[in-house]
Enquirer: 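Below you'll find the structure I mean.
Convention: sequence-line order gives letters A, B, ...; per-chain numbering from 1.
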Amino acid sequence: MAMDKTFDAKDAEPRLYAKWEEAGAFRAGANARPGAETFSIMIPPPNVTGSLHMGHAFNNTLQDILVRWHRMRGHDTLWQPGQDHAGIATQMVVERELAKEGNVTRREMGREAFLEKVWEWKSQSGGTIMSQLRRLGASLDWSRNAFTMSGAPGAPAGEEGNFHDAVIKVFVDMYEKGLIYRGKRLVNWDPHFETAISDLEVENVETPGHMWHFKYPLAGGATYTYVEKDEEGNVLFEEERDYISIATTRPETMLGDGAVAVHPSDERYAPIVGQLCEIPVGPKEHRRLIPIITDEYPDPSFGSGAVKITGAHDFNDYQVARRGGIPMYRLMDTTGTMRSDGKPYAEAAETALEVARGERSLSVDEADAINLVPDDLRGLDRFEARERVVEQITAEGLAVMTQESDPRLGKAARTPLAPEEGGEDRVEEESLVPLVEAKPIMQPFGDRSKVVIEPMLTDQWFVDTDKIVGPALDAVRNGDTRILPERDAKVYFHWLENIEPWCISRQLWWGHQIPVWYGLDLSAPDFRDQEGDGALDAVELGELLIKDHMVHAGEVHHCAADFEGVVDAFRLELADTPTPIDHARVIEVEDKAAAIHALAESLAQYNVTQDPTQLVYPVWRDPDVLDTWFSSGLWPIGTLGWPEQTPELQKYFPTSVLITGFDIIFFWVARMMMMQYAVVGEKPFDTVYVHALVRDEKGKKMSKSLGNVLDPLELIDEYGADAVRFTLTAMAAMGRDLKLSTQRIAGYRNFGTKLWNAARFAEMNEAAGSDGTVPQPTETVNRWIVGETAKVREEVDAALDAFRFDDAANALYRFVWGKVCDWYVEFSKPLLSGTDASAQAETRATMAWVIDQCLLMLHPIMPFITEELWEGLGTRDKMLIHSDWPSYGAELVDPAADAEMNWVIQLIEEIRSVRAQMHVPAGLHVNLVVTDWTKDQKAAFARNEALIKRLARVEALEEARAMPKGSATIAVGGASFGLPLEGIIDVAEEKARLEKSLDKLAKDMRGLEGRLNNPKFVESAPDDVVEETRELLTAKQEEAAALQAAHARLSELG
RNA sequence: GGGUGAUUAGCUCAGUGGUAGAGCGCUUCGUUCACAUCGAAGAUGUCAGAAGUUCGAAUCUUCUAUCACCCA
């Protein structure tokens, strides 16, 4: 067979992948030895809308390495594939598609039809990432591909899995255990998609913004002495004030302020704490008053030190408001528009005022019902409202003023002012302008919608994480689950120790609809059926509804896996209504409005017909769906068929390793830990390997807007999957970001070519395709390379065991290129082409074995080229992917052979170096003279003469008493060699070379002697270190002596 | 503001107490029968700075500077 000069990745990769897949090579348990230990990895599910990016390539390369490595070791291995349904992203993609096609909106279509579209889209485009992972060579068991929405109502054929059942079951179970509740809390609200979103879907971006400074006048014209002091207590500034100064980046939220807070230690405001101040916006006649309170949150050194508290629109304020019992007034609707519902402003403000005065209090829901947006601002966009608020305050003269030249205004400053009191300026001049600082602010944007996220107080479902966080923390603390690198365990602890309730509802359609049904709250315990006839006439019905208030304002709700499951619970709700209403048929309707309508209609009809069988009690299902992360949180068990006790679940759970990015430690890893413990009471994985980010070569995060994105598929096209994989692996130092450059990838592509050509050489010399038997050669060269192979096997296993992927890759790189190609292949040439038949045979066998070992050990990192060579080099029982990973070790190392070959290598390198520096023509063979060597060295030379001569271009060896004149001298391991170069040598140049070497030796020796002359070193350092140092010094001294002599000879010469 | 980490050759990075390393790039040489996607040789470092612990520090401690990321 004549091999090509290079590996054709484009041709081979798809062919080999198909071959593996057809052979079922990736199947769970493939190549497992009987009774083998199991090894399982769950893929972090990519979005079903997603396509492969560099992070995926990195993440999946590492997983594939582990999986292939374990599979080759005969372990019962599962790499579980799958995708998550990515609620918001997928819904957005499909809506966009709809818009392109025919301008039908989701709402126009209706929920059912829309979901049908989503499934349709999924069946067409959902497989993209799967085929891309195949390009990378990922050996996932595709027959088990999972999807977080499989088995959901409306799922088409081919999506019959039971993930949906698992998700719903977990929700119901957790609800029943009291771990899930409905409540009003502040969440990240996306005004574009009109849904709550997770922190992960929020991008905080530094944006040019403004900080406005306003005066909140004290109620009733009260005044106080405002005093500012320096650190020593000297008064810097003092004045009478009738206001407190507030800075804000979001003036429109002032409308919802519930208080002004200052730090308890802030003496400047101590005189006015407890007083009321006025929000300087809104109609003059209904100005709202709010209390000045103390809280730890305000930073006295920032701004004026006083903070306005808008509990319903800011996360920090929310905490302060909760601590201080401050009402939270919501100002916007779901689209981020200023509210226009509820009572007129005058009435709302009056209520708020009563609350501020302590005359009444509001429940959270009552506060939420109050609309404190002034009538003229109702219905405005939030940013427009901001402008109007600023205008109104400024017009009223309640903006803090400053000189036009104030640098904080962001304009060119003429005379910079010393900042005092957070920068307020009191110089009275005619050119005063409102103090509006131009400053960058961190602003939250929806990562999909790109609109500004609004913290909003809304009704949502929450997991009471406090109740389930314990086992997740303990597991990592006591080592049941290990997080690598260790630093990331700290991140994990930090987050879980400060965990907040987890908002799991989303106002979307694509997802697992929450299995909760609501009904109108009906009861009339005091009603007496005076006729006692078990029927209700018109009069009685009227009394029921009006006098006994049968229909209450609130709602009741019940949770079960399906509608049938809640019917009984709702019947019980009717128990305290009169017959026959208490026997009404429970039916499901669309929503609350439909329920009211259906109930009214039913009662009306009953009134006419007196037919109790027509009475219905309508209930409606919660329209919201669950956060995608809620379903992803069940990934380890859900993919294995839970709640059914499948054999796979028994075998592969808990899983062995999770490999994932640091950015989702909180969102996914921590939640899987909590969920698995909460649901099945077990850890989801033994080890979590957290990897860093792939960046561009300048260290910038790859992003579409920067245009520095490297597409892994393009890279695979250009360099081959193996090169991309090897690069990522070699750069995978634990916990460090990768700065990826194409140059580096090209370098590792070259490495593949190098391996290819070494194999090609072996094949040409009939030294390929071993049967796997470890050779037991007699030739030193062969004994040496067998030992080197054994050493690297141990190194690679140790590295992979410790998740040191880079160490494994680099060890193999050094071995294959630096040992096998640079030396062993060269050393083998005289033996392979020589006349000694037994040496030739043994070398062929050894080389065949060594090359095969390279293929075996490189396979997990470079699966394609190694499989191709494996097939090409010999007749094999199994494909490489299922071949046996080696297990030999140090017992194959022959120390004598090791020492001898190292000496030979050093000699060759020295000769080459001298030749190059003395400008000996590259092709010229020269003689070598030896004046001094040991018996062993002589024997070693004799054994390796052929290859030394060949590699160093030596014509012949002469033994001599003294070095001939004009020789260049070489000292190797105590032996003195020389190249007689009279006529060729440049004496001055050779002297310079020797001097340089001697200088370095002298420096080294000084250091070594310094240490050895220090009695404390000899006393306290370990014996082997002292011994090593002594030996090193002796060697240096010998070498120096030889070079010294050579230098002397040259000096005599002239 | 809080936390985590980084700072080592021109570049990208290994190196967790025992004389500073790799890859890439650079310079010179090379059409040697595996490979020019190659080979040979070479140059390049106050290991960010300061102080400490130690017989010995790139490595441990403290401080400083700069940068990055995460959380507020």
Side-chain angles (χ1 to χ4, degrees), chain A residues 3-7 199 204 297 299 301-302 315-316 319 442 485 487-488 490-491 494-495 498 662-663 665-666 692-693 695 697-701 719-720 723 727 730-731 733-765 767 804 806-807 809-810 813-814 817-818 821-822 825-826 828-829 833 851 908-909 911-923 925 950-953 1000 1003-1008 1010-1022 1024-1026 1028-1029 1032-1033 1036:
Chain A
M3 285 171 65
D4 289 336
K5 280 195 175 183
T6 54
F7 170 62
D199 291 353
N204 287 299
Y297 164 62
D299 175 1
S301 65
F302 185 79
F315 284 98
N316 289 314
Q319 298 299 340
M442 287 304 276
R487 143 164 57 97
D488 286 290
K490 287 188 200 167
V491 177
H494 184 258
W495 194 71
N498 300 289
F662 73 99
D663 49 340
I665 296 176
F666 317 140
L693 208 64
R695 298 168 174 278
E697 56 191 315
K698 294 185 196 90
K700 286 242 162 53
K701 224 173 181 170
Y719 301 100
T727 308
M731 295 178 83
M734 215 186 276
R736 291 259 314 220
D737 287 348
L738 283 70
K739 289 182 196 162
L740 194 62
S741 78
T742 52
Q743 236 178 9
R744 191 91 190 247
I745 304 172
Y748 289 118
R749 188 243 352 241
N750 297 353
F751 172 63
T753 307
K754 190 75 185 172
L755 172 71
W756 180 268
N757 281 291
R760 183 164 173 260
F761 171 82
E763 202 262 354
M764 287 165 67
N765 285 279
R804 306 293 302 245
D806 55 334
D807 285 352
N810 291 323
Y813 187 97
R814 278 197 301 275
W817 200 316
C821 293
D822 285 351
V825 167
E826 296 304 328
S828 75
K829 284 175 181 174
S833 61
I851 298 285
I908 293 168
E909 284 183 331
I911 297 172
R912 282 172 169 176
S913 177
V914 169
R915 289 177 59 114
Q917 288 180 68
M918 292 300 110
H919 312 298
V920 177
H925 283 62
R950 181 187 181 109
L951 296 181
R953 303 281 167 88
K1000 189 169 186 309
K1003 193 184 154 213
D1004 288 351
M1005 288 189 294
R1006 268 200 304 280
L1008 293 167
R1011 286 207 278 161
L1012 287 165
N1013 290 340
N1014 181 343
K1016 281 188 176 168
F1017 171 70
V1018 182
E1019 204 177 294
S1020 23
D1024 55 333
V1025 172
V1026 177
E1028 219 172 273
T1029 311
L1032 199 55
L1033 180 60
K1036 299 265 181 200

Enquirer: Would you measure the distance from the P atom in B:C69 across to the matching atom in B:C13 and give it in whole Å?
Expert: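 Their P atoms lie roughly 14 Å apart.
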Enquirer: When the C1' atoms of B:G52 and B:G45 are compared, how many Å lie between them, rounded to an integer?
Expert: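 To the nearest whole Å, 25 Å.
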Enquirer: Does A:K490 reach a base, just sugar-phosphate, or nothing at all? Heavy atoms under 4.0 Å.
Expert: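 Sugar-phosphate contact only.
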Enquirer: From the list B:C35, B:U19, B:U32, which nucleotide is the closest neighbour of the side chain of A:T753?
Expert: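 Between B:C35, B:U19, B:U32, the one nearest the side chain of A:T753 would be B:C35.
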Enquirer: Rounding to the closest angstrom, what is the interatomic distance between B:U44 and B:U8 at atom C1'?
Expert: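 After rounding to an integer number of Å, I get 13 Å for this pair.
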Enquirer: Parallel, tilted or perpendicular: which one describes the rings of A:Y813 and A:Y748, with boundaries at 30° and 60°?
Expert: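 It falls in the perpendicular class, over 60°.
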Enquirer: Which nucleotide wins on minimum distance to the side chain of A:M764, given the candidates B:U19, B:G25, B:A34?
Expert: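 The closest nucleotide is B:A34.
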Enquirer: Is there a side-chain contact (heavy atoms from CB on, under 4.5 Å) between A:T1029 and A:F1017? Walk through the geometry before answering.
Expert: CA-CA 11 Å; A:T1029 311; A:F1017 171 70; 3.8 Å; yes
Enquirer: Could you state the atom-to-atom distance from NZ of A:K1003 to C1' of B:G45 in whole Å?
Expert: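 Taking atom C1' of B:G45 as the reference, NZ of A:K1003 is at 10 Å.
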Enquirer: Would you state whether a donor and an acceptor, one from the side chain of A:E826 and one from the base of B:A34, lie under 3.5 Å apart?
Expert: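 Per atom types, the contact qualifies.
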Enquirer: Under a 3.5 Å cut-off for both contacts, is B:G1 paired Watson-Crick or G-U wobble with anything, and if yes, with which nucleotide?
Expert: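 In the structure as shown, B:G1 has B:C71 as its Watson-Crick or wobble partner.
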Enquirer: Does the side chain of A:K1036 get closer than 4.0 angstrom to OP1 or OP2 of B:U19 through an N or O atom?
Expert: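 Answer no for this pair, as no side-chain N or O of A:K1036 is under 4.0 Å from OP1 or OP2.
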Enquirer: From A:M1005 CE over to A:L1032 CG, what is the distance, rounded to the nearest 0.5 angstrom?
Expert: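 Between atom CE of A:M1005 and atom CG of A:L1032 there are 11.0 Å.
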Enquirer: Is there a side-chain contact between A:H494 and A:N498, using heavy atoms and a 4.5 Å cut-off?
Expert: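 Yes - at least one pair of side-chain heavy atoms lies under 4.5 Å apart.
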Enquirer: Could you tell me whether A:R804 contacts a base, only the sugar-phosphate backbone, or nothing, with contacts defined as non-hydrogen atoms closer than 4.0 Å?
Expert: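 Touches sugar-phosphate only.
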Enquirer: Taking atom P of B:G15 as reference, at what distance in whole Å does atom CG of A:D806 sit?
Expert: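 Spelled out: CG on A:D806 to P on B:G15 is 7 Å.
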Enquirer: Phosphate oxygens OP1/OP2 of B:A34: is one of them under 4.0 Å from a side-chain N or O of A:W817?
Expert: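 The answer is no; no side-chain N or O of A:W817 sits under 4.0 Å from OP1 or OP2.
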Enquirer: Measure the distance from CD on A:E763 to P on B:C35 and round it to the nearest whole Å.
Expert: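 Whole-Å distance recorded here is 13 Å.
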Enquirer: Working note: A:D1004 + A:K1000, criterion side-chain contact (heavy atoms from CB on, under 4.5 Å); need CA distance, chi angles, decisive distance, verdict.
Expert: CA-CA 6 Å; A:D1004 288 351; A:K1000 189 169 186 309; 3.5 Å; yes
Enquirer: Which whole number of Å gives the distance between the P atom of B:A48 and that of B:A14?
Expert: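 After rounding to an integer number of Å, I get 14 Å for this pair.
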Enquirer: What is the distance, to the nearest angstrom, from the CZ atom on A:F761 to the P atom on B:G39?
Expert: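 Result: 15 Å.
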Enquirer: Without decimals, in angstroms, what is the distance between A:W495 CH2 and B:U4 C1'?
Expert: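 So the CH2-C1' distance, A:W495 to B:U4, works out to 18 Å.
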Enquirer: How many angstroms lie between atom NE2 of A:H925 and atom CZ of A:R915, to the nearest 0.5 angstrom?
Expert: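 So the NE2 of A:H925 and the CZ of A:R915 are separated by 7.5 Å.
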Enquirer: For a side-chain contact (heavy atoms from CB on, under 4.5 Å) check, start with the C-alpha distance between A:L755 and A:F7, then their side-chain angles and the critical distance, and finish with the verdict.
Expert: CA-CA 10 Å; A:L755 172 71; A:F7 170 62; over 6 Å; no
Enquirer: Base, sugar-phosphate, or nothing for A:R912, non-hydrogen atoms under 4.0 angstrom?
Expert: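 If one applies the 4.0 Å heavy-atom cut-off, A:R912 turns out to touch the sugar-phosphate alone, with no base involved.
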Enquirer: With rounding to whole Å, what would you report as the distance between B:G23 and B:A65 at their C1' atoms?
Expert: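 It works out to 30 Å between them.
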Enquirer: Which nucleotide in the list B:G18, B:U12, B:A34 gets nearest to the side chain of A:R744?
Expert: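 Nearest to the side-chain atoms of A:R744, counting from C-beta on, is B:U12.
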Enquirer: Work out how far the C1' atom of B:A43 is from that of B:C26, and round it to whole angstrom.
Expert: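 B:A43 and B:C26 have their C1' atoms separated by 9 Å.
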Enquirer: To the nearest 0.5 Å, tell me how far A:R760 CZ sits from A:T6 OG1.
Expert: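 Answer for the CZ-OG1 pair, A:R760 versus A:T6, is 9.5 Å.
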Enquirer: NA contact type, A:N316, heavy-atom cut-off 4.0 Å: base, sugar-phosphate, or nothing?
Expert: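 The residue A:N316 makes sugar-phosphate contact but no base contact.
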Enquirer: Could you pick out which residue, A:K1016 or A:P1022, lies toward the 5' side of RNA chain B when each is mapped onto its nearest nucleotide?
Expert: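 Going by which nucleotide is closer to the 5' end, it is A:P1022.
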Enquirer: Quick one: is B:C24 close enough that its OP1 or OP2 comes under 4.0 Å of any side-chain N or O from A:R749?
Expert: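 No, because none of the side-chain N or O atoms of A:R749 sits under 4.0 Å from OP1 or OP2 of B:C24.
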Enquirer: Calculate the interatomic distance between A:N498 atom CG and B:C70 atom P; express it in whole Å.
Expert: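 In whole Å, B:C70 P lies 18 Å from A:N498 CG.
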Enquirer: Both A:R760 and A:E909 contact RNA chain B. Which one's nearest nucleotide lies toward the 5' end?
Expert: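 Looking at RNA chain B, the more 5' nearest nucleotide goes with A:R760.
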Enquirer: Once you apply a heavy-atom cut-off of 4.0 Å, does A:A733 come out as touching a base, just sugar-phosphate, or nothing?
Expert: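 The answer is sugar-phosphate, as A:A733 gets under 4.0 Å only of primed atoms, P, OP1 or OP2.
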Enquirer: Rounding to a whole Å, what distance do you find between A:M918:CE and B:G42:C1'?
Expert: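 Distance, rounded to whole Å: 13 Å.
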Enquirer: Taking only the side-chain heavy atoms of A:S913 (C-beta and beyond), determine which of B:A41, B:U37, B:G39 contains the nearest atom.
Expert: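 From the listed options, B:A41 comes nearest.
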Enquirer: Quick one: A:F1017 CZ to B:G17 P, roughly how many Å, whole number?
Expert: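 Taking atom P of B:G17 as the reference, CZ of A:F1017 is at 16 Å.
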Enquirer: Classify A:N1014 by what it touches in the nucleic acid, base, sugar-phosphate, or nothing, heavy-atom distance under 4.0 Å.
Expert: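 Sugar-phosphate contact only - A:N1014 comes under 4.0 Å of backbone atoms but never of a base.
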Enquirer: When you measure from the side chain of A:A922, which nucleotide among B:A34, B:G30, B:A41 comes out closest?
Expert: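 Among the listed nucleotides, the one closest to the side chain of A:A922 is B:G30.
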Enquirer: Quick one: label A:F751 by what it contacts on the DNA or RNA (base, sugar-phosphate, nothing), any heavy atom closer than 4.0 Å.
Expert: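 No contact at all - A:F751 keeps every heavy atom at 4.0 Å or more from the nucleic acid.
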Enquirer: Using a cut-off of less than 4.0 Å, is there contact between a side-chain N or O of A:N750 and OP1 or OP2 of B:C38?
Expert: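 Looking at the OP1 and OP2 atoms of B:C38, one of them is under 4.0 Å from a side-chain N or O of A:N750.
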Enquirer: Taking atom C1' in both B:A34 and B:C38, compute the distance separating them and give it to the nearest angstrom.
Expert: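 It works out to 10 Å between them.
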Enquirer: What integer number of Å spans the C1' atoms of B:C29 and B:A20?
Expert: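 These two C1' atoms come out 28 Å apart once rounded.
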Enquirer: Look through every strand shown and name the nucleotide pairing with B:U7 as Watson-Crick or G-U wobble, where both distances are under 3.5 Å.
Expert: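 Pairing partner: B:A65.
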Enquirer: Considering only heavy atoms and no angle criterion, is a donor-acceptor pair shorter than 3.5 Å present between the side chain of A:K5 and the base of B:C35?
Expert: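 No such pair is found, so the answer is no.
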Enquirer: So which nucleotide does B:U46 pair with, by the Watson-Crick or G-U wobble rule with both distances under 3.5 Å?
Expert: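 WC or wobble partner does not exist here.
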